[in-house]
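Numbered from 1 within each chain, the chains take letters A, B, ... in sequence-line order.
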Amino acid sequence: MPSKPIEHIRNFSIVAHIDHGKSTLADRLIQKTGALAEREMVEQVLDSMDIERERGITIKAQTVRLEYPARDGKTYILNLMDTPGHVDFAYEVSRSLAACEGSLLVVDASQGVEAQTLANVYQAIEANHEIVPVLNKIDLPAAEPERVKEQIEEVIGIDASGAIPISAKTGLNIEEVLEAIVTRLPPPQGDEEAPLKALLVDSWYDAYLGVVVLVRVVDGVLKKGMQIRMMGTGATYGIDRIGVFRPKMTDVERLGPGEVGFLTASIKEVADTRVGDTITEERRPTAHPLPGFKPVQPVVFCGLFPVDAADFENLRAALGKLRLNDASFSYEMETSAALGFGFRCGFLGLLHLEIIQERLEREFNLDLIATAPSVVYRIALKSGEVKELHNPADMPDVMKIESIEEPWIRATILTPDDYLGGILKLCQDRRGEQVDLNYVGKRAMVVYDLPLNEVVFDFYDRLKSISKGYASFDYHLTDYREGDLVKMQILVNGEPVDALSMLVHRSRAEARGRAMCEKLKDLIPQHLFQIPIQAAIGGKIIARETIRALRKDVTAKCYGGDITRKRKLLEKQKEGKKRMRQFGKVEIPQEAFIQALKMES
Amino acid sequence: MIDHPTRDAGFGVYLHWPFCLAKCPYCDFNSHVRAKPVDEARFVAAFRREIAASAALTPGRTVTSIFLGGGTPSLMQPQTVAALIDAVAAAWPVAPDAEVTLEANPTSVEAERFRGYRAAGVNRVSLGVQALNDADLRRLGRLHTAQEALAAVAVAAAHFERTSFDLIYARPGQTSAAWAAELREAIAHAAEHLSLYQLTIEPDTWFERLYKAGKLVLPTPEEARALYDVTQEICEAAGLPAYEISNHARPGAESRHNLLYWRYGEYVGLGPGAHGRIVTAQGRIATATEKHPETWLELVERNGHGVVTQEVLTAEEEGDEFLLMGLRLREGVDPRRYEALAGRPLDERRIADLLGEGLITRRIGARLAVTPVGFPVLDAVVADLAA
C-alpha cells in the first residue's frame, strides 16, 4: 500500500486527567471511523493490560491508525498516539508528544482542570502542539462548560472559545472532534528524499514477534529489509516487518515522512531499544539525530522480598519477564538479615513501583514485602569521589562524607479551597518551599518545591486523606540540593535491624523515629524479657519505646488427657517461631516487618 | 543414669466417669448430664472388657496408681467403684502401696458414700470445692455451698488418710486481699494437698461465650500475676509449697498418679474420652477413646475396646510432651532424658539465655528446672526450649 500524501496525515495525542474520559473518547474515535467492527470493541481498546483497564491508566504508548473521510471529500489518515498519562512516565510522554503535531485537551466538564492535566498540557505546549480543547461529559447534570472554559483560559492560558462539547459515553459530537483534528491540527512536515530519520517512540515485547518498536518517521522512508541503526546505542538491525495499527497489526511495505507505525527487526530485548532514540538507515545515516534523547534513570528504589523464602527464584524469573517488556525498571540482588534474599529495584516513580509490585503479585502469584521506598542520594566523599546511594544500608562511614545531596521535585497541587490549610501544613511539614499559590474559581493551585524523599514516604496518602480525595497532585524532578541528611537506624534490644534503616532529614528524624518505635512496640510480641526499641542516629538515641516482659503465660491445668492438645499448641508455636527472624535474642514475626514498612495512612 | 525413665515413673490406670449432675460453665472436660439414671452395671461390664484389652497390650506392668476421674466419679455407687478397682487388680498386679484416688463433689449426699468408697479400696479423695464463698460458687455453677463443702472435706478427712481439694482463683473481680483470706481459710481445713487453679477460659464453654460477649472480665496479666505470687507466698509459709504449677503438698504428699503424667511415665486411659501413653516395641503410643459415653459403650461391646485414635509418637513429639509436662514440676527435667527421647539435645544457647534471665536453674544431677520467676511464664519458657 502506498503512503498517503503527507498533507493528508494528522498525528495527534489526547491529554487528559485520569477518569476524564481519554480512553472512552479513543474508543469512540475508533468506532466512528470503523477501524473495528462493533463486536470487536471492548472497553478501552488501547489499554491492553488488565491493570491498565482497571486503574484507568495507560502504561505503554499505543497507537492506532484511523481513516477518516472528512467533509471536504478527502480521506485522511489520523494517527492517535495514546500516551502514558502519569508523571512517572513523563519522559515517555514527552517522546510520544514529540511524534505528534497536535493534541486534544480533554477536560471533564463537571470536574474542571486537574493537576495532571496541567503537567501534560504544558508538555504538549512545549512540544509546539496545536491544542484543541474538548469538554467531555457534557451530558452530566453537574457539567459547567462555560466555567470550565474560563478555567482553561485562565489556568492554561489557551483560547477555549472553540472548545468542542462532547459526551464520549453517548457519542455526542464525536464527528466534530474528527473534523477538528483535520481542520485545526497541522499536517506533519518532512522530506521523503532526505536520509531516514525516525523517532523510537516506545517498544514492547510480543510473545510471537519479539520486540516491537513503535516509530514515527520524520524524514526519508522506512522500508522492509532495510538495514537500520539506532543512533543512541549504535546497534544495527535488518528490518523484518513494517506495519501500522488499525488497531490490529497490519503489514505495509513502507512508512513515509509523518507516518506512524511499527517495525520488528529480530531485536532480543526491550532493553536494547531506548525510548527517544533516533533510527536511521545504516547505509545513508542522517547527520542530525532528533534532540532530547536521554536514557531512563530510576528515581525511586525499594527492596522487594518474597514472603516465602522459597519463592526467591520465582521472583527472579518474574522480574526478568517484566523487564523484558519494561526496560525502565532495574533490579539487583539484595540480602537483608530481616527479610532474607530479595532484590533492590529501581522505578521511574511511585506509581511505577506500585504497578510493578501489583503485576508481580497478580500475574506471577507472588507474596511480596516491599521495604520503604527511598530515593537516589548523591554522596560527595571527602576523597572527592561522588557516589550514588540507592540503599540506606550502603551508606558510607559518616566520617568519610563531605556532603549529601537529595533530589527535589516541583509539585503542583489543585484542591478545593476548604482543604488548602491542611495541604499547606503538609507541604510545610515536609520541608516544602512554596513557589506559587493562586485561585482558580473555588479551587486553589499550589506549587511547592519538595524533597522527593518526603514525597515517597506516605505524602500522597496524606494528601488524599487531608483533601478527602479531592486534591490532585503532580510533580516533576527539578534538581539535586544539599541537605542535612542522616541515616537513622532502628535498634531492637540493641541490635540494628537493617530493613528498617532509612535516610532522613535531621529535622524530621525524631518524628519518624518515634513513629517507627511506637509502631514496632505494637508489632513485636512480648518476650520473656524487656525489649528496648530505639531509633538512633550514629550512636545517639533519638527515640525509645519499651516492650515489657511477659508477666503471665502459663496453662493452669495440665494432666494426662491434656497432653495431646497442649503438644499441638506447642507445635503451632514452634512453627510460628520458625517464620520469625531472629535479631539477637529477639524473634520478630515477618508480619511485623510488613506492617512496619507499610506507608502510614 | 537418667532419672525417671518411663518405667521408673510407675504405671498408672486412669478411669473416666463421664457424668455430672450439671455442667459447670468453666468446664471443658468430657462430662455429660443424663436425665435418666445411668446403667452402671452395663458400664462396669464395658470397663471390664476395656481393662482386659488394655492389659493385653501392657504385660509385665505393676500398677502404682489408679485414678477415678470425671465427670463426677462420686456419682457412682460404692459397689460400682469396687467393681472397677477389682477389675484393675484382676488385670495387672497392683503394688501394695498403690495410690487409689477418686474425685468427688463436696456435697452431703456424696459424703455419705465415702465409707463405701473406702471399703472399695479408694485411699485418697480429691474434692472439687472450687471456692469458699457462696456467691462465687453460684457464679461457678456449683451445686454446693461453702459450708457444705467444708463439711464434706471434714468427712473425707475422717475416712481417708489422704485428701485434697481444688480451688479456682483469679475469678472475675477477685482482689488479692480477698483471695488471700479465702486461701488462708482453705489451708486451715486442708490436710496435705491442695490444687489451686487460675480460672482459664476454655474453648466451647459457657464462660467463653460470656467472655467473648464482654460479660466476663478476667484479671489482667498483671493482676493474675499478683494473685499467683500471693498464692505461692501463703502456701509456702503454710508448709504447702508448689510441687507443680497449680499443685501444693506437704513434702511426700504429692499426688503420685499426677506425678506420673508430669514425669512422662506410662498410663492407660479407660472409659469414654480417656487418654493413655504406653511404651511398646514400636515406640510410645498415644491413645484416646471415644468421648460420647453411650457410643463408647457400644464400641466396647462390639470391639472389646473404645479406642478411636492410636498413634505412635515421633521423637520430636515425645520430646515436646516430655518438656511440656516435666517443666511443670519444681523438680524439673533431666536434659539427658530429653535428648534420648527427642533424638537431639536441648539448644545450649537458649538454655544460657533462660539461665541468664533467671527463668530456669540447674539442679543437682544437671537437671533443669523452672524458677519461681519462670513459672508464671512457663508456656513461653517451654516454647523457647522446645523450638
Side-chain angles (χ1 to χ4, degrees), chain A residues 309 337-338 340 491-495 521-533 545-592, chain B residues 12 14 16 29-30 67 69 168 170 195-200 202 219-225 228 244-246 257-258 260-262 264 267 269 273-277 286 288 309 313 316-317 320-321 323-325 328 353-354 356-357 359 374-384 386-387:
Chain A
L491 307 173
V492 173
N493 206 27
E495 300 271 340
K521 187 186 177 198
D522 295 333
L523 292 169
I524 299 174
Q526 280 190 307
H527 279 55
L528 286 163
F529 45 88
Q530 171 174 309
I531 305 170
I533 299 174
E545 290 283 340
T546 304
I547 299 176
R548 300 196 52 190
L550 204 58
R551 292 285 289 159
K552 185 88 183 15
D553 180 18
V554 57
T555 305
K557 268 188 177 185
C558 193
Y559 296 97
D562 305 307
I563 308 189
T564 307
R565 187 158 60 107
K566 297 297 172 203
R567 190 221 320 137
K568 287 191 172 148
L569 285 178
L570 179 61
E571 277 162 8
K572 254 192 208 161
Q573 238 174 323
K574 285 163 69 176
E575 224 17 74
K577 274 178 184 272
K578 273 188 200 144
R579 284 196 304 272
M580 294 190 190
R581 312 274 177 172
Q582 188 98 26
F583 286 85
K585 293 194 304 177
V586 180
E587 286 162 331
I588 308 180
Q590 200 168 36
E591 185 57 25
Chain B
Y14 177 80
H16 192 81
F29 281 20
N30 185 33
F67 197 100
I168 292 174
S195 298
L196 307 169
Y197 304 111
Q198 289 215 346
L199 177 61
T200 308
E202 301 289 356
T220 63
E222 296 296 322
E223 291 163 342
R225 173 68 181 264
Y228 178 84
E244 190 260 0
I245 290 290
S246 304
H257 185 81
N258 289 335
L260 190 59
Y261 296 141
W262 297 317
Y264 207 40
Y267 53 95
H275 293 252
R277 289 288 181 281
T309 60
L313 297 175
E316 177 86 12
E317 289 169 336
D320 282 355
E321 292 192 343
L323 276 188
L324 191 65
M325 299 307 273
R328 299 183 67 83
D353 282 349
L354 292 168
E357 299 293 338
L359 297 163
F375 275 128
V377 288
L378 175 67
D379 290 1
V381 173
V382 170
D384 236 29

Asker: Looking at B:Met325, B:Arg225, B:Glu316, which makes the most heavy-atom pairs under 4.5 Å with chain A?
Answerer: B:Arg225
Asker: Chain A: which of B:Asn258, B:Val382, B:Thr200, B:Leu354 shares the most heavy-atom pairs with it under 4.5 Å?
Answerer: B:Asn258
Asker: May I have the step-by-step check of side chain to side chain contact (heavy atoms under 4.5 Å, CB included) for A:Phe583 and A:Asn493, ending in yes or no?
Answerer: CA-CA 8 Å; A:Phe583 286 85; A:Asn493 206 27; over 6 Å; no
Asker: Can you tell which part of B:Tyr14 gets under 4.5 Å to a heavy atom of chain A, answering side chain, backbone, both or neither?
Answerer: neither
Asker: Heavy atoms, side chains only, cut-off 4.5 Å: are B:Phe67 and A:Tyr559 in contact?
Answerer: no
Asker: Of all of B:Gly276, B:Pro221, B:Gly273, B:Gly374, which one pairs up most often with chain A through heavy atoms under 4.5 Å apart?
Answerer: B:Pro221
Asker: Among A:Glu571, A:His527, A:Lys568, who wins on heavy-atom pairs under 4.5 Å with chain B?
Answerer: A:Glu571
Asker: For B:Phe29, which residues count as a side-chain contact (heavy atoms from CB on, under 4.5 Å) partner, sequence neighbours excluded?
Answerer: A:Lys557, B:Cys27
Asker: Can you confirm whether B:Arg277 sits close enough to A:Thr564 that some side-chain heavy atom of one is under 4.5 Å from a side-chain heavy atom of the other?
Answerer: yes
Asker: Contact between A:Lys585 and A:Glu495 at the side-chain level, heavy atoms closer than 4.5 Å - yes or no?
Answerer: no
Asker: Nearest 0.5 Å, please: how far is CD1 in A:Ile563 from CG in B:Leu313?
Answerer: 9.0 Å
Asker: Counting only N and O atoms by type, is there a donor-acceptor contact under 3.5 Å from the side chain of B:Glu357 to the main-chain atoms of A:Leu528?
Answerer: no
Asker: Which residues satisfy the side-chain contact (heavy atoms from CB on, under 4.5 Å) test with B:Glu244, sequence neighbours excluded?
Answerer: B:Ser246, B:Asn247, B:Trp262, B:Arg328, B:Leu329
Asker: Judged by modelled atom types alone, do B:Glu321 and B:Tyr264 share a side-chain donor-acceptor pair under 3.5 Å?
Answerer: yes
Asker: Name the region of B:Glu317, side chain, backbone, both or neither, that has any atom closer than 4.5 Å to a heavy atom of chain A.
Answerer: both
Asker: Select one option (side chain, backbone, both, neither) describing which atoms of A:Leu570 are under 4.5 Å from chain B's heavy atoms.
Answerer: side chain
Asker: Using a 4.5 angstrom heavy-atom cutoff, name the option from B:Ala274, B:Ala386, B:Gly12 with the most pairs to chain A.
Answerer: B:Ala386
Asker: Can you check whether anything in residues 545-555 of chain A gets within less than 4.5 Å of chain B, heavy-atom wise, and list it by number?
Answerer: A:Arg548, A:Leu550, A:Arg551, A:Lys552, A:Asp553, A:Val554, A:Thr555
Asker: Residues two or more places apart in sequence or in another chain: which of them pass salt bridge (charged side-chain N to carboxylate O under 4.0 Å, His left out) with A:Lys577?
Answerer: A:Glu587, B:Asp384
